[in-house]
Amino acid sequence: MIRITDTISLQDWEVTEVFSRASGPGGQNVNKVNTAVTLRFEAARSPNLPDDAKARLKRLAGRRWTTDGAIVIFSQKHRSQAANREDAEKKLRALVAEALVRPKYRRKTRPTLASKKRRLEAKSQRGQIKSLRGAVRNED
């Protein structure tokens with residue numbers, strides 16, 4: 001069981017792990033031991049996640065979201081299987097926790113009358129400065 005928040009945790013049946021040989025650090029150990037982990041989370045079928053969080057999770061997961069509604073996370077950063085498993089679970093926890101946060105509602109605002117006047121006054125002053133940059137004519 002993977003704990004996300006105090007109220008939400010992912011059950012064992014929702015998460016599957018497959019181990020394979022990893023590239024990268026490890027020396028001869030790389031050729032013998034399955035240290036890379038592919039973690040698969042059945043997000044669309046998860047009863048613990050609200051529907052709005054699932055929609056945000058799909059957007060956040062991007063290419064990691066499969067057509068059947070699962071998230072696939074791959075980790076091969078470390079030399080040991082346990083460290084890679086922990087890394088993949090940490091990535092999944094962070095992704096789901098970010099999806100659980102509801103975005104702040106943006107309230108539309110209008111500029112005040114005073115700010116509109118200040119902006120127009122600044123524009124007219126700037127226009128006067130630019131008009132004075134023209135060629136100087138000699139009136140003799």
Side-chain angles (χ1 to χ4, degrees):
M1 187 164 80
I2 300 174
R3 188 175 200 81
I4 306 298
T5 63
D6 293 337
T7 56
I8 295 178
S9 57
L10 308 178
Q11 303 302 319
D12 291 335
W13 67 267
E14 298 176 85
V15 180
T16 56
E17 296 170 335
V18 177
F19 299 99
S20 60
R21 292 202 175 116
S23 62
Q28 291 179 353
N29 195 45
V30 165
N31 302 326
K32 295 183 286 184
V33 183
N34 293 333
T35 56
V37 63
T38 303
L39 190 108
R40 183 180 172 93
F41 168 54
E42 300 295 335
R45 298 186 323 159
S46 176
N48 300 324
L49 292 178
D51 289 335
D52 59 331
K54 287 179 188 177
R56 286 191 295 272
L57 187 60
K58 182 177 181 179
R59 184 179 46 80
L60 287 170
R63 289 180 14 206
R64 293 178 286 191
W65 186 274
T66 63
T67 54
D68 56 325
I71 293 176
V72 178
I73 296 175
F74 184 73
S75 179
Q76 66 173 6
K77 191 188 321 184
H78 304 283
R79 289 177 64 152
S80 72
Q81 191 180 77
N84 282 330
R85 173 190 274 167
E86 185 62 37
D87 184 48
E89 284 183 8
K90 190 165 77 171
K91 288 178 185 177
L92 179 64
R93 262 191 236 107
L95 193 65
V96 174
E98 188 178 350
L100 288 172
V101 176
R102 283 195 171 90
K104 190 176 170 185
Y105 178 72
R106 185 188 177 280
R107 200 172 276 139
K108 293 179 183 176
T109 59
R110 292 176 55 194
T112 62
L113 185 61
S115 68
K116 286 181 186 177
K117 287 181 179 178
R118 282 193 301 268
R119 182 182 62 87
L120 293 174
E121 182 64 33
K123 280 172 69 79
S124 63
Q125 284 179 354
R126 190 75 188 144
Q128 285 177 347
I129 290 171
K130 288 185 175 189
S131 66
L132 293 173
R133 289 184 188 161
V136 178
R137 283 182 270 181
N138 225 354
E139 296 185 19
D140 285 335

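In this chain, residues are counted from 1 in sequence order.
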Engineer: Same cluster or not: W65 versus L95, using hydrophobic residues (I, L, V, M, F, W, Y) connected whenever any side-chain heavy atoms lie under 4.5 Å apart?
Structural biologist: yes
Engineer: Evaluate W13 against R45 for side-chain contact (heavy atoms from CB on, under 4.5 Å), listing each step before the verdict.
Structural biologist: CA-CA 10 Å; W13 67 267; R45 298 186 323 159; 3.7 Å; yes
Engineer: List the atom of S20, the atom of F74, and the distance in Å for their closest heavy-atom pair.
Structural biologist: OG-CE1, 4.3 Å
Engineer: Nearest 0.5 Å, please: how far is CD in Q125 from CD1 in I129?
Structural biologist: 7.0 Å
Engineer: Got a second to check how far L49's CG is from E14's CD, nearest 0.5 Å?
Structural biologist: 7.0 Å
Engineer: What pair of heavy atoms forms the shortest contact from A88 to V37, and how long is it?
Structural biologist: CB-CG1, 3.8 Å
Engineer: Does atom NZ (K58) have a neighbourhood of more than 12 heavy atoms from anything else shown, all under 6.0 Å?
Structural biologist: no
Engineer: Step by step, work out the side-chain contact (heavy atoms from CB on, under 4.5 Å) result for R56 and R102.
Structural biologist: CA-CA 9 Å; R56 286 191 295 272; R102 283 195 171 90; 3.8 Å; yes
Engineer: Look at the side-chain heavy atoms of Ile, Leu, Val, Met, Phe, Trp and Tyr, link any pair under 4.5 Å apart, and say whether L10 and L60 land in one connected group.
Structural biologist: yes
Engineer: Ignoring hydrogens and angles, tell me if any N or O in the side chain of N84 forms a donor-acceptor pair with the backbone of K77 under 3.5 Å.
Structural biologist: yes
Engineer: Decide yes or no on salt bridge (Lys or Arg N to Asp or Glu O under 4.0 Å) for R85 and E89, but give the supporting numbers first.
Structural biologist: CA-CA 6 Å; R85 173 190 274 167; E89 284 183 8; 5.0 Å; no
Engineer: Evaluate the side-chain contact (heavy atoms from CB on, under 4.5 Å) criterion for residues I71 and V96: first the C-alpha distance (whole Å), next the side-chain angles of each, then the deciding distance (0.1 Å), finally the verdict.
Structural biologist: CA-CA 10 Å; I71 293 176; V96 174; 5.7 Å; no
Engineer: Are the side chain of Q81 and the backbone of N34 linked by a donor-acceptor contact shorter than 3.5 Å?
Structural biologist: yes
Engineer: Rounded to the nearest 0.5 Å, how far does CZ of R126 lie from OG of S124?
Structural biologist: 12.0 Å
Engineer: If you round to the nearest 0.5 Å, how far is CZ of R64 from CG of L57?
Structural biologist: 9.0 Å
Engineer: So, T66 versus D68: side-chain donor-acceptor pair below 3.5 Å or not?
Structural biologist: yes
Engineer: To the nearest 0.5 Å, how far apart are CG in L100 and CG in D52?
Structural biologist: 8.5 Å
Engineer: Verify side-chain contact (heavy atoms from CB on, under 4.5 Å) between K108 and R106, making sure each step is shown before the conclusion.
Structural biologist: CA-CA 6 Å; K108 293 179 183 176; R106 185 188 177 280; 3.9 Å; yes
Engineer: Any idea which heavy atoms bring A70 and E42 closest together, and the distance?
Structural biologist: CB-OE1, 3.8 Å
Engineer: Say whether, by atom type as modelled, one donor and one acceptor occur between the side chain of K54 and the main chain of S46 under 3.5 angstrom.
Structural biologist: yes
